[in-house]
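Heads up, the thing below is written out as structure tokens.
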Number of protein chains: 2
Amino acid sequence: MKRTVKDIEYTQSSIDLATFAKALGHPTRVEILKHLNKQSCCFTGDLVELLPIAQSTISQHLKELKNAGLIQGELKPPKIKYCINRKNWKKASLLFKDFLE
Amino acid sequence: MKRTVKDIEYTQSSIDLATFAKALGHPTRVEILKHLNKQSCCFTGDLVELLPIAQSTISQHLKELKNAGLIQGELKPPKIKYCINRKNWKKASLLFKDFLE
DNA sequence: CATTTTAATCGTAAAATTACGATTAATCTT
DNA sequence: AAGATTAATCGTAATTTTACGATTAAAATG
């Protein structure tokens, strides 16, 4: 890899769309978001029960969704409650809608 | 990596959504699709001029978009005309719309 | 028929992604 | 205070992605 994405000029909307899309680009993360969207919020533990993958892997996926801005975590010791980030969800919704017409 | 996606049961819509999303998960591919969608079709060469990356890399991205079903190629020797696959574009549009509300 | 044009494919390298188990940190319970 | 619970982080390995230049195949042009 000789060049990084940062060297190239893309429109901000292309970058934003690609970032959201990348986060949605794995079925596990889609399932997480589906579950989260259905009941608005849930704990990591709920997802560990729901999905047949390791707890650490789910944490990793949650981190990616968080980094993309699609979810946010709220401390409810000793648990962590994850919720859809409605502001960015809406932003993504509009971006995809506009892009796909 | 001890487990592959294939071992896990996902809903078909999650897989379809993730597949489309993954294809949209790179700004270069988003730019390609934007350009393609604007004028409906174009040749590989147009994209090579448009984007500051190697021809082989663009071919690779086109292949991915084709594999995801978002575009299709038509032989216009010695060129190849790429167009949005409207059927699947519509499918993606509905999937994302439904998913993001 | 030789040359040029077009775009895919090959070979390769660097980086990112995905997965796991083990460990850790924080908080709650006894 | 000791132990249990929860979920992030660490370390690691396999795989995939992204990028490049070089080569190849197919068709058009001279």
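Note that the structure is a prediction, hence the values are computed from the model and not measured. Each chain gets a letter, A, B and so on, in the order its sequence line appears, and its residues count up from 1.
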Closest-nucleotide ordering on DNA chain D, the 5'-leading residue of A:Ile80 and A:Lys22
A:Ile80
Measure the distance from NZ on A:Lys76 to P on D:dA7 and round it to the nearest whole Å.
13 Å
side-chain N/O A:Thr44 vs D:dA8 OP1/OP2, d < 4.0 Å:
yes
Does C:dA19 have OP1 or OP2 under 4.0 Å away from a side-chain N or O of A:His61?
yes
Nearest to the side chain of B:Lys79 - C:dC20, C:dT6, D:dT18?
C:dT6
At under 4.0 Å, does any side-chain N or O of A:His26 touch on OP1 or OP2 of C:dA19?
yes
Taking only side-chain N and O atoms of A:Thr57, does any of them lie within less than 4.0 angstrom of OP1 or OP2 on C:dC20?
yes
Starting at NZ of A:Lys66 and ending at C1' of D:dT9, how long is that distance when rounded to a whole Å?
11 Å
Member of B:Phe99, B:Phe96, B:Phe20 meeting the ring-ring contact (aromatic ring centres under 6.0 Å, His included) criterion with A:Phe96
B:Phe96
Is there a path of hydrophobic side-chain contacts, each under 4.5 Å between heavy atoms of I, L, V, M, F, W or Y residues, that connects B:Ile71 with B:Leu50?
yes
Look at the side chain of A:Gln55 and decide which nucleotide, out of C:dC20, D:dA8, C:dC10, has an atom nearest to it.
D:dA8
Inter-residue atom distance A:Leu51.CG - A:Thr28.OG1, 0.5 Å rounding
6.0 Å
Side-chain donor or acceptor of B:Glu31 paired with backbone N/O of B:Leu47 under 3.5 Å
no
Atom CD of A:Glu74 and atom C1' of D:dA7 are separated, to the nearest Å, by 16 Å
Measuring from the side chain of A:Glu64 (C-beta onward, heavy atoms only), which nucleotide among D:dA7, C:dT18, C:dC20 has the closest atom?
C:dT18
Other residues, nucleotides and ligands only: do more than 12 of their heavy atoms fall within 6.0 Å of CD on A:Glu49?
no
B:Ile58 CD1 - C:dT9 C1' separation (whole Å):
15 Å
To the nearest angstrom, how far is A:Arg29 atom CZ from C:dA19 atom P?
8 Å
D:dA7, OP1 or OP2 - any side-chain N/O from A:Lys63 closer than 4.0 Å?
no
Rounded to whole Å, the CG-P distance (A:Leu65 to D:dA8) equals 12 Å
Length of the line joining A:Phe43:CZ and C:dC28:P, which is rounded to integer Å:
12 Å
Side-chain atoms of A:Gln60 come closest, of C:dT6, C:dA19, D:dA8, to C:dA19
May I have the distance from B:Glu49 (atom CD) to C:dA7 (atom P), rounded to whole angstrom?
10 Å
Would you say C:dA8 has OP1 or OP2 under 4.0 Å from some side-chain N or O of B:Tyr82?
yes
